[in-house]
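Remarks on the structure that follows.
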Amino acid sequence: MSELSSKQDLVIDPQLQIIIEALHNFVTNEHCAVALEIALPEISFSTHLNGTKQFPAASILKLPIAMAIEEQSQRGELDLHETHQLSEVLNQSRAHSVLRGMVSSKTITTEELLRVMLIASDELATFQLRTILKTQDVNTLITESGCLETYLSEVIGPVSVLGKTSANDTLRLMSLTTSEAQFPTCASALKTSILNSRIPLGAQEFDISLLHKTGSLPGVAHDVAELTTEEGFLRIAFLTENQTDTVLTGYKMGLCTREILEVCGVSVKSTRSIMTDSHV
């Protein structure tokens with residue numbers, strides 16, 4: 001289950017030992033995985049546990065969908081300012097969506113759909129974006145990004161995304177999506193994504209800048225985030241399956257992250273819980 005490099009196995013630094021123990025306390029069986037990268041003045045470290053194991057990807061796949069949309073726009077193959085009839089978008093699915101509250105709007109642009117998809121993990125926005133994007137284009141981007149265990153399925157059913165991913169790939173996708181130089185629209189949207197009580201637990205705005213994406217299905221709870229300070233960053237991805245209580249699992253993600261942040265010298269003494277939603 002553990003996949004630490006030989007160099008990391010020999011680490012005796014007390015700070016790293018605390019971090020490794022926190023990760024092991026979360027990954028107690030084959031149904032959990034975590035990948036971590038820290039780049040701070042006092043700690044430079046990366047590791048993973050079950051990092052290559054495939055899990056149902058859920059909404060994590062909205063990251064490469066967003067990247068593919070923005071990449072095609074940059075190549076002139078797609079116009080982010082193209083408008084879509086909101087009535088047609090709402091008819092894509094009976095799924096819950098923040099777009100149903102936009103009763104005064106008649107149209108919505110591709111860029112606005114992309115932002116809503118990432119900010120609110122919106123199903124209807126994702127359904128609509130998939131009508132203008134080939135699944136193979138997304139999978140090509142995933143492969144070219146160096147992600148070996150991730151794919152998006154052609155099937156579009158009651159949920160907008162089906163496929164697989166791993167903790168290592170999820171961390172890789174987050175690092176790319178948050179690149180303001182390469183994907184400025186995606187990065188901007190993720191900065192304002194709706195927070196919940198998973199990774200953001202205990203983190204406040206004056207502590208860190210947080211970009212994150214959740215993924216949830218019955219029995220599945222994921223979260224991946226990039227947490228930045230003035231001195232560096234920490235990226236962490238949690239993937240789980242076969243969970244009897246996904247709310248409790250998400251809380252454990254927050255506790256694990258909080259312990260790691262405290263080792264890194266980031267103050268996270270209070271609890272922040274804004275949203276828990278089984279559809280994000």
Side-chain angles (χ1 to χ4, degrees), residues 3 5 33-39 46-48 50-82 110-111 113-119 121-122 125-156 159-191 193 211-215 222-226 228 233-239:
E3 300 172 27
S5 70
V34 64
L36 172 70
E37 180 182 5
I38 303 174
S46 63
T47 191
H48 62 92
N50 290 341
T52 60
K53 174 181 167 59
Q54 285 185 315
F55 289 79
S59 290
I60 296 297
L61 285 170
K62 291 170 184 174
L63 295 175
I65 290 173
M67 286 192 289
I69 291 286
E70 188 159 11
E71 183 177 78
Q72 289 191 7
S73 171
Q74 293 167 352
R75 294 201 300 254
E77 300 171 3
L78 183 152
D79 183 5
L80 286 180
H81 301 294
E82 178 186 358
T110 298
E111 179 179 342
L113 286 169
L114 184 156
R115 289 181 179 276
V116 170
M117 178 181 69
L118 291 180
I119 293 170
S121 199
D122 193 88
T126 310
F127 273 115
Q128 184 65 20
L129 290 174
R130 292 203 65 180
T131 67
I132 63 174
L133 189 66
K134 294 179 180 179
T135 300
Q136 184 54 48
D137 290 342
V138 180
N139 284 325
T140 297
L141 179 145
I142 289 170
T143 301
E144 291 178 349
S145 298
C147 297
L148 304 178
E149 292 88 33
T150 302
Y151 67 86
L152 175 67
S153 172
E154 288 279 4
V155 177
I156 304 179
V159 293
S160 60
V161 285
L162 293 171
K164 298 282 189 178
T165 192
S166 67
N168 285 352
D169 281 1
T170 298
L171 204 68
R172 174 71 175 161
L173 290 170
M174 175 57 81
S175 70
L176 293 171
T177 316
T178 57
S179 169
E180 294 184 351
Q182 191 170 2
F183 299 106
T185 303
C186 293
S188 173
L190 285 171
K191 284 182 179 179
S193 59
L211 298 85
H212 88 119
K213 182 73 195 75
T214 56
H222 305 329
D223 207 358
V224 56
E226 179 176 287
T228 60
F233 68 84
L234 179 150
R235 297 190 189 106
I236 190 164
F238 296 99
L239 270 59

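Not measured: the values here are computed from a predicted model.
Taking 4.5 Å as the limit, every side-chain heavy atom of Thr110 sits out of range of all side-chain heavy atoms of Asp79. Residues Met174 and Leu190 have side chains in contact (heavy-atom distance under 4.5 Å, counting atoms from C-beta outward). Taking 4.5 Å as the limit, every side-chain heavy atom of Glu111 sits out of range of all side-chain heavy atoms of Ile69. Counting heavy atoms from C-beta outward, Val34 and Thr47 have side chains that stay 4.5 Å or more apart. Put simply, the side chain of Ser179 does not reach to within 4.5 Å of the side chain of Met67, judged on heavy atoms. The closest side-chain heavy-atom distance from Leu118 to Leu63 is below 4.5 Å.
Across Ala237 and Ala167, no two heavy atoms sit closer than the pair CB-O, 3.8 Å. Closest of all the heavy-atom pairs between Leu114 and Ala66 is CD1-O, 3.6 Å. Here the closest heavy-atom approach between residue Lys164 and residue Gln54 is recorded as CB-NE2, 3.9 Å. Residue Arg130 comes nearest to Ser153 through the heavy atom pair NH2-O, 2.9 Å, listed as atom of the first residue, atom of the second, then distance. When all heavy atoms of Ala189 and Ile119 are compared, the closest pair comes out as O-CG1, 3.3 Å.
Looking at Asn50, its side chain never comes within 3.5 Å of a backbone N or O of Lys53 through a donor-acceptor pair. A donor-acceptor contact shorter than 3.5 Å links the side chain of Glu70 to the backbone of Cys186.
Every side chain to side chain contact (heavy atoms under 4.5 Å, CB included) that Ser188 has, sequence neighbours left out, goes to Arg115. By the side chain to side chain contact (heavy atoms under 4.5 Å, CB included) test, Ala58 pairs with Leu217, His222, sequence neighbours left out. Residues meeting the side chain to side chain contact (heavy atoms under 4.5 Å, CB included) test with Thr143, sequence neighbours left out: none. Every residue meeting the salt bridge (Lys or Arg N to Asp or Glu O under 4.0 Å) condition with Glu180, not counting sequence neighbours, appears here in chain and number order: Lys191. For Glu144, the side chain to side chain contact (heavy atoms under 4.5 Å, CB included) test picks out Thr140, with sequence neighbours left out.
Asp137 CG to Ile132 CD1: the interatomic distance, rounded to the nearest 0.5 Å, is 11.5 Å.
Put simply, the residue from Asn139, Leu173, Leu176, Val161 that forms a side chain to side chain contact (heavy atoms under 4.5 Å, CB included) with Pro64 is Leu173.
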Identify each donor-acceptor pair in which a side-chain atom of residues 145-152 lies under 3.5 Å from a protein atom, sequence neighbours left out, and give them as a table.
{"residue": "Ser145", "atom": "OG", "partner": "Leu141", "partner atom": "O", "Å": "2.7"}
{"residue": "Glu149", "atom": "OE1", "partner": "Ser166", "partner atom": "OG", "Å": "2.9"}
{"residue": "Thr150", "atom": "OG1", "partner": "Thr165", "partner atom": "OG1", "Å": "2.7"}
{"residue": "Thr150", "atom": "OG1", "partner": "Asp169", "partner atom": "OD2", "Å": "2.8"}

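A donor-acceptor pair shorter than 3.5 Å can be found between the side chains of Lys62 and Ser121.
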